[in-house]
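These values consider heavy atoms only, across backbone and side chains, with no hydrogens, waters or symmetry-generated copies.
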Amino acid sequence: MRRAKLNFKVKISEHFHYWLDYCNSLLAGLPLRAIRPLQLVQNAAARLISNLPKFTHITPLLRSLHWLPVVARIRFKTLMLAYKAKNGPAPPYLMAMVKSRAVPRALRASSTARLEPPPLRTHGRQASRPFSVLAPRWWNELPQNRTAESLAVFKCRLKTHLFIMHLSISTGPLFRQCLSS
């Protein structure tokens, strides 16, 4: 019985995250009121998996399940695409949208792996939403963990950073290991 319950939780979690992550980078830059329905669905799925009442506080539950909130998942997916576009395993159209910042002379900032934001054009609110605008902005806001030697290390550091940023967790031994690698 216990094994069946665990399989149910794993299946629900996998199915839910597949559905939630499908094209969620297209939601980047939308106002929170547009993303809120997805967050409510994630909260309900977390409560269903954990068999908790409807009004249980969600932050500790998301923390225990190691689930990022929807806004953080969108940022995670966008930054993972930016890393792939910057370091190689991405389609050429994405690589063309992300350009490394060129520093004219040797400065301390030249080793920080920053991205060049596109020139600003004012075409209303929609001008600040595309991947080519948000990816460099969010990339440059990251701490110094932008310079990871592999995708797996970057992914681990990024998820840790987003957990700390969105779920206000302290850096326990698992997170310290991820940050130091």
Side-chain angles (χ1 to χ4, degrees), residues 10 13-30 32 35 38-39 42 45-46 59-104 106-119 128-181:
V10 169
S13 180
E14 286 175 358
H15 180 71
F16 172 73
H17 281 108
Y18 172 79
W19 174 81
L20 182 66
D21 288 340
Y22 180 73
C23 293
N24 74 353
S25 60
L26 294 175
L27 303 174
L30 285 178
L32 289 177
I35 297 171
L38 286 175
Q39 185 62 56
Q42 183 187 35
T59 303
L61 184 56
L62 291 178
R63 197 179 302 140
S64 70
L65 291 171
H66 292 270
W67 287 7
L68 288 169
V70 174
V71 173
R73 294 183 75 83
I74 292 168
R75 187 174 280 223
F76 178 79
K77 184 117 180 219
T78 303
L79 288 169
M80 288 297 292
L81 287 173
Y83 181 87
K84 290 176 182 178
K86 182 180 180 305
N87 296 310
Y93 69 90
L94 279 180
M95 293 174 84
M97 290 184 195
V98 174
K99 295 175 181 56
S100 294
R101 180 176 282 173
V103 180
L107 298 171
R108 194 174 9 176
S110 64
S111 65
T112 59
R114 295 175 64 86
L115 296 179
E116 185 70 38
S128 65
R129 279 195 46 221
F131 175 80
S132 60
V133 174
L134 286 176
R137 181 187 313 155
W138 288 347
W139 181 271
N140 293 338
E141 290 173 0
L142 286 176
Q144 296 301 329
N145 65 4
R146 303 184 271 262
T147 56
E149 53 276 358
S150 71
L151 180 63
V153 171
F154 176 76
K155 185 177 183 178
C156 182
R157 289 178 182 172
L158 177 60
K159 191 165 184 181
T160 301
H161 171 70
L162 292 173
F163 258 98
I164 292 167
M165 194 169 111
H166 290 275
L167 294 175
S168 304
I169 63 169
S170 63
T171 54
L174 175 66
F175 293 111
R176 279 194 291 266
Q177 175 191 0
C178 186
L179 287 173
S180 63
S181 62

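Between Asn87 and Leu151 the shortest side-chain heavy-atom distance does not fall below 4.5 Å. Counting only heavy atoms from C-beta outward, the side chains of Leu68 and Leu62 never approach each other to under 4.5 Å. Taking 4.5 Å as the limit, every side-chain heavy atom of Phe154 sits out of range of all side-chain heavy atoms of Glu149. You'll find the side chain of Leu162 reaches within 4.5 Å of the side chain of Arg75, heavy atoms only. Using a 4.5 Å heavy-atom threshold, the side chains of Leu158 and Lys155 count as separate.
Taking all atoms of both residues into account, the shortest heavy-atom contact from Asn140 to Pro117 is ND2-CD, 4.5 Å. In this structure, His161 and Leu142 approach most closely via the heavy-atom pair CD2-CD2, 3.7 Å. Here the closest non-hydrogen pair linking Leu79 and Ala135 is CD2-O, 4.2 Å.
Taking CE of Met95 as the reference point, atom CG of Leu81 lies at 12.5 Å (rounded to 0.5 Å). Considering OG of Ser132 and CZ of Arg137, their distance stands at 10.5 Å, rounded to 0.5 Å. Put simply, CG on Leu38 and CG on Leu30 are 9.5 Å apart, with the number rounded to the nearest 0.5 Å. Thr59 OG1 to His166 NE2: the interatomic distance, rounded to the nearest 0.5 Å, is 12.0 Å. Going from atom OG1 of Thr160 over to atom CE of Met165 covers 13.0 Å, rounded to the nearest 0.5 Å. Atom CZ in Phe131 sits 5.0 Å away from atom CG in Leu94 (nearest 0.5 Å).
Side-chain N or O atoms of Tyr83 include one that pairs as donor or acceptor with a backbone N or O of Ala148 at under 3.5 Å.
For the pairing with Trp139, the side chain to side chain contact (heavy atoms under 4.5 Å, CB included) check across Val98, Leu134, Leu115 returns one residue only, Leu115.
A salt bridge is defined here as a Lys NZ or Arg NE, NH1 or NH2 lying under 4.0 Å from an Asp or Glu carboxylate O, and Glu141 with Arg114 fails to meet this definition. A salt bridge links Arg73 with Asp21: the closest approach of a Lys/Arg side-chain nitrogen to an acidic carboxylate oxygen falls below 4.0 angstrom.
In this structure, His17 places its NE2 atom where more than 12 heavy-atom neighbours from other residues, nucleotides or ligands lie under 6.0 Å away.
Ring-centre distance between Phe163 and Trp67: not below the 6.0 Å cut-off.
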